[in-house]
Undergrad: 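One structure follows; several queries about it will come next.
Keep in mind the model is a prediction, meaning the values are calculated, not measured.
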Amino acid sequence: LGYRDGKSFIGLRPDQISPEFQPDGMSSTVKAAYFIKRAMDGEPQTFDWVHQTKKGRLLFCEVSLASVDIGEHGSILARILVESKDDQQG
């Protein structure tokens with residue numbers, strides 16, 4: 001995504017590293033909130049997503065979210081698989 005290290009990436013909201021709208025026309029902010037809420041409610045989520053690099057390049061991904069308990073606080077564990085360039089041109 002164009003960040004020097006993980007520290008500058010951690011804590012960013014999905015809408016801060018995504019285009020304004022996803023390919024289905026839905027707002028990235030609204031769609032991210034929907035998937036995050038479902039994951040926090042204990043329902044693991046896997047879905048297609050478009051992220052955007054700091055330089056504006058679109059990255060087509062598969063995202064998986066799951067709720068995890070860390071001490072007294074709940075968090076979301078995210079796994080992001082970026083599709084290869086060959087898949088994106090297809």
Undergrad: When hydrophobic residues are tied together by side-chain contacts of less than 4.5 Å, even through go-betweens, does Met26 share a cluster with Tyr34?
TA: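 In one cluster: no.
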Undergrad: Going by heavy atoms in the side chains, are Gln52 and Ile17 under 4.5 Å from each other?
TA: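 In short, these two side chains do not touch, never coming nearer than 4.5 Å.
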Undergrad: Rounded to the nearest 0.5 Å, how far does CH2 of Trp49 lie from CZ of Phe60?
TA: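 Atom-to-atom, Phe60:CZ and Trp49:CH2 are 13.0 Å apart.
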Undergrad: Please report the shortest heavy-atom distance between Ser67 and Ala39, naming the atom on each side.
TA: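 Closest approach of Ser67 to Ala39, heavy atoms only: CB-O, 3.1 Å.
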Undergrad: Output the distance between atom CG (Asp15) and atom OG (Ser27), rounded to the nearest 0.5 Å.
TA: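 Rounded to the nearest 0.5 Å, the CG-OG separation comes out at 7.5 Å.
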Undergrad: Do the non-hydrogen side-chain atoms of Ser18 and Thr29 ever get within less than 4.5 Å of each other?
TA: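 Result no, sub-4.5 Å side-chain heavy-atom pair not found.
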Undergrad: Please tell me if the side chains of Phe47 and Lys31 come closer than 4.5 Å, counting only heavy atoms from C-beta onward.
TA: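 Answer no - side chains too far apart.
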Undergrad: Can you tell if the side chain of Leu65 reaches within under 4.5 Å of the side chain of Leu77, non-hydrogen atoms only?
TA: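 Answer no - side chains too far apart.
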Undergrad: If every non-hydrogen atom of Asp41 is compared with every non-hydrogen atom of Lys37, which pair is closest and at what distance?
TA: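 Shortest heavy-atom separation between Asp41 and Lys37 comes out as OD2-NZ, 2.8 Å.
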Undergrad: Answer yes or no: is there a side-chain heavy-atom contact under 4.5 Å between Val63 and Arg79?
TA: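 Side-chain contact under 4.5 Å: no.
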Undergrad: Is there a side-chain contact (heavy atoms from CB on, under 4.5 Å) between Ile80 and His51 once you walk through the steps?
TA: CA-CA 10 Å; Ile80 301 171; His51 281 294; 3.8 Å; yes
Undergrad: Strictly by modelled atom types, are Gln22 and Ser28 linked by a side-chain donor-acceptor pair under 3.5 Å?
TA: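 Yes - a donor-acceptor pair under 3.5 Å links their side chains.
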Undergrad: For the residue pair Pro19 and Val50, establish whether any side-chain heavy-atom pair is separated by less than 4.5 Å.
TA: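 Yes; the side chains approach each other to less than 4.5 Å.
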Undergrad: Contact between Glu43 and Gln45 at the side-chain level, heavy atoms closer than 4.5 Å - yes or no?
TA: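 Heavy-atom side-chain distance check passes, below 4.5 Å.
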